[in-house]
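Every heavy atom of this structure was used, including side-chain atoms; hydrogens, water molecules and symmetry mates were not. From a predicted model like this one, the values you see are computed outputs, not experimental measurements. Reminder, nothing fancy here: chain letters follow the sequence lines and each chain counts from 1.
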Amino acid sequence: MLMESPRKDYMIMAIFTAVVLTMPLWTAPFGASYPDLLQKFAIYGIFAVGFNLLFGLTGYLSFGHAAFLGVGSYAAVWSFKLLSMNVLPAIVFAILIAALFAVLIGFVSLRRSGIYFSILTLALAQMSYNMAYSVLTPITNGETGLQLEHGDPRVLDFAFGAEETAGLPSTNLFGLEMSGWPGFYFCAVVLILAFFLSLRIFKSPFGLKLRAIKSNQNRMMYTGYNTRPHLLLVFVISGMYAGLAGSLLAVTDPLAGAERMQWTASGEVVLMTILGGAGTLVGPLLGAGLIKYFENIFSAINEGVLHSAFSFLPDFLNDFLTFIVAPFVGEGWHLTLGALFMAVVIFLPGGIMEGIRRLTGLAKRTASHRGGKGSARTGGPAHSAEG
Amino acid sequence: MSDTFHFTRRGLLKTSAFAGAALATPHLFTRNAFAQGNAFRNDPSNKSTVTLGFNVPQTGAYADEGADELRAYQLAVKHINGEGDGGMLNTMKPLALQGNGILGKKVDYVTGDTQTKSDAARAAAKRMIEKDGVIMFSGGSSSGVAIAQQSLAQEMGVVFMAGLTHSNDTTGKDKRRYGFRHFFNAYMSGAALGPVLKERMGTDRRAYHLTADYTWGWTQEESIKNTTEALGWETVNAVRTPLGAGDFSQYITPVLNSGADVLILNHYGKDMVNSLTQAVQFGLRDKQVNGKDFQIVVPLYSRLMAQGAGENVQGIVGSTNWHWSLEDEGSKAFTKSFGQEYGFPPSQAAHTCYVQTLLYADAVERAGTFYPPEVIKALEDFEFDGTGNGPTLYRGADHQCFKEVLVVEGNDNPSSQFDLLKVVKQVPREQVMYDPSIFGGELGPYEV
């Protein structure tokens, strides 16, 4: 299962690339085809893929990953302010700072495992959030968030002959503006690269060692491996992914706020990963997409929208259905998401990916039954309903 | 599966790259088109309706205020479309709106949830702008969120009418050409409260500040300090409390032994409800310090907060933007139509959001176009009356409204659960005006 042929990897990457780049087409029927949401899909996809490297492979549940996301954003915005509006220095700078931060936090919290590790990361991240919100205001601009301003030095830009414009400058990749659709395609390409790297890590000997740590760390140590360097390395890589995601948030929208580091943001990526399927390659991406979709589209459905959606029905039915559905959309989007999360955890502990696996398994079995002996079909579906 | 489909990796990469480029091309040119002529983002000229975006906190600590704001927006849309009793459309002067929508187009709206977070607010606002095609968006309940949205407005070239935001920065150092604020600010709170504090508490007082530890708290602390120190008061201490602390007892105990005789609570929302309730429970108000009665001041008051704090607000002074019990024509008309629609009186958050929507619609009507730079020029230095705060000026230099500010106090004998505040004084606008240059900042260009 693990050591598959490179040919299959290429197939996965080809399909993945096609699916990501055609997102504006196939998300249109769901009302999700606009640049900002697709950018968020890609960015939080990167965040979740990185988180999954740590949680999915080693089983170490970090509850403070949003800290790296926030640090990446702040670093990127500072790069825009001090160096250049070009996005490449910002991304590099953000990844480096996030890595440094991850080394510090990882070094402290990886001394413990299990729940203690989770609590340590949570505490350190929440500490970062509170400091960014108040004490570190000179660096983070507190509640208001770090923004571009007139009179920022932007040393590199001015050295290459850029002129001060009347409005604020926008982020660019050698002249190509990074807002709107170009911004999405840029994030999509980065997502594809990040996904490829994660695929390689999953299939590498390093990935295998991490899985061994997950299954039994003691046994791993008895065989002579020092597990801590491996753990620290994957923790830092995972933090760098989060830093990359944070920098992309700043690239598409040059503003960094402290809420990005709050524990709710850390919890969100845990939800994304578990909802999609921890330890699977594509699962975290599905989870990230689903949560962002709920947050942006479901939260916008108000009673007026419902009334017009049910307008083909007779009035009393229309009112009745609106009355029933209204608490679950609009301001109630948290409720629907919570119910969905509970359903997934209870019935599909492996996340959406497990659901997909069961469905394909069911389809295959039905197909083979139909080909072979049609009389034994009753056994299949009943069995999978129990499982 | 792989037996039936024979696609190579190279072929697929190529195809998808082309597909991607093809999808991107039409979008690459749209932004530049904005600067030329009068083509602008989300131009509704060819449509029969015009869409506005209302972005309010529907979840989180300020959800109550957000819900009230949303009610006010819905009411404003009704009135602009000529439904209902017209509300302030009957009292606002001058008024170009005719009750047939904006420039003859029916008004539609979309809503979003800011969650009182800058990121979520900007994401929701971008959804409205990029997907729903709104020509203006509005909302708020926190200054950080309002500032984040108004800089987005400047980037996108879509007007933002701020809802409830009280920090000096919104129209001070973070002001933007595309952002407008009708609500008052911390500076005006200080200027309005000054004389009342002097009259009630004298000039020889020792003040102790508890301040919510973020931008809004700091600007309010600074403004109130400036006012009280000008009266001759001494500031004993100013302690910062984390936002959403819940338990303030560890901050209130030191007040008892500090020698201070006035406690100033620079808190808002649930923080204010909690800190005030605890301060009263600790018996601060029954104390005598330096031979004077101990006093508590809440610079920014709201009826929704007073409802939360209950009896504890009795006799406590503060300032507010508007109150439903005002007796002028505009306030009465608004309170009446809001009450008929929803069964209870509107909050100050609802009032400011309602007025902002009318002001935007009216400015478009006067400009005769939806083209944002013209609409902005129509709003700048606009003088109007009949919206509940007396004669009002939308100052062009910083996009701040100047109008009467109310000093209120907690009612000793409330006649209903809504009658918790009584208006002590309507401070005329001349007294709260200031020079726009004191806060710095730059509005930026009309065309983006």
Participant: I'd like to know which of A:G257, A:G332, A:G145, A:A300 tops the heavy-atom pair count under 4.5 Å against chain B.
Facilitator: A:A300
Participant: How long is the span from the CG atom in B:D213 to the OH atom in A:Y133, to the nearest 0.5 Å?
Facilitator: 9.5 Å
Participant: Where does B:D174 contact chain A at under 4.5 Å (heavy atoms): side chain, backbone, both or neither?
Facilitator: side chain
Participant: Using a 6.0 Å cut-off, check whether atom CZ of A:F328 has over 12 heavy atoms from anything other than its own residue.
Facilitator: no
Participant: Rounded to the nearest 0.5 Å, how far does CG of A:L168 lie from CD of B:Q154?
Facilitator: 7.0 Å
Participant: Are A:S179 and B:E155 close enough, and set up right, to give a side-chain contact (heavy atoms from CB on, under 4.5 Å), and what steps lead you there?
Facilitator: CA-CA 10 Å; A:S179 50; B:E155 282 163 32; over 6 Å; no
Participant: Side chain from CB out, backbone as N, CA, C, O: work out which of these in A:Q262 comes under 4.5 Å of a heavy atom of chain B, or both, or neither.
Facilitator: side chain
Participant: Looking at chain B, which one of A:T137, A:V20, A:V135, A:N130 has the largest number of heavy-atom pairs inside 4.5 Å, strictly under?
Facilitator: A:T137
Participant: Looking at OG of B:S151 and CG of A:D253, how far apart are the two atoms once the value is rounded to the nearest 0.5 Å?
Facilitator: 8.0 Å
Participant: Against chain B, label A:T264 side chain, backbone, both or neither, depending on which of its atoms sit under 4.5 Å from a heavy atom there.
Facilitator: side chain
Participant: Check this for me, if you would: do B:D119 and A:R260 make a salt bridge, where the nitrogen-to-carboxylate-oxygen distance has to be below 4.0 angstrom?
Facilitator: yes
Participant: With a 4.5 angstrom heavy-atom cut-off, could you sort out which part of B:Q115 is near chain A: side chain, backbone, both or neither?
Facilitator: side chain
Participant: Do you know the tightest heavy-atom contact between B:K126 and A:T252?
Facilitator: NZ-O, 3.4 Å
Participant: Tell me, for B:T59 versus chain A, whether the close heavy atoms (under 4.5 Å) come from the side chain, the backbone, both or neither.
Facilitator: side chain
Participant: Under 4.5 Å from any heavy atom of chain B, what part of A:K40 do you find: side chain, backbone, both or neither?
Facilitator: side chain
Participant: As an exercise, state the distance from CD of A:E295 to CZ of B:R127, rounded to the nearest 0.5 Å.
Facilitator: 11.0 Å
Participant: Heavy-atom distances under 4.5 Å only: say whether B:R176 touches chain A with side chain, backbone, both or neither.
Facilitator: side chain
Participant: Most heavy-atom pairs under 4.5 angstrom with chain A, which of B:G112, B:A123, B:G444, B:A124?
Facilitator: B:A123
Participant: Hey, what do you get for CG (A:L249) to CZ (B:R122), rounding to the nearest 0.5 Å?
Facilitator: 11.0 Å
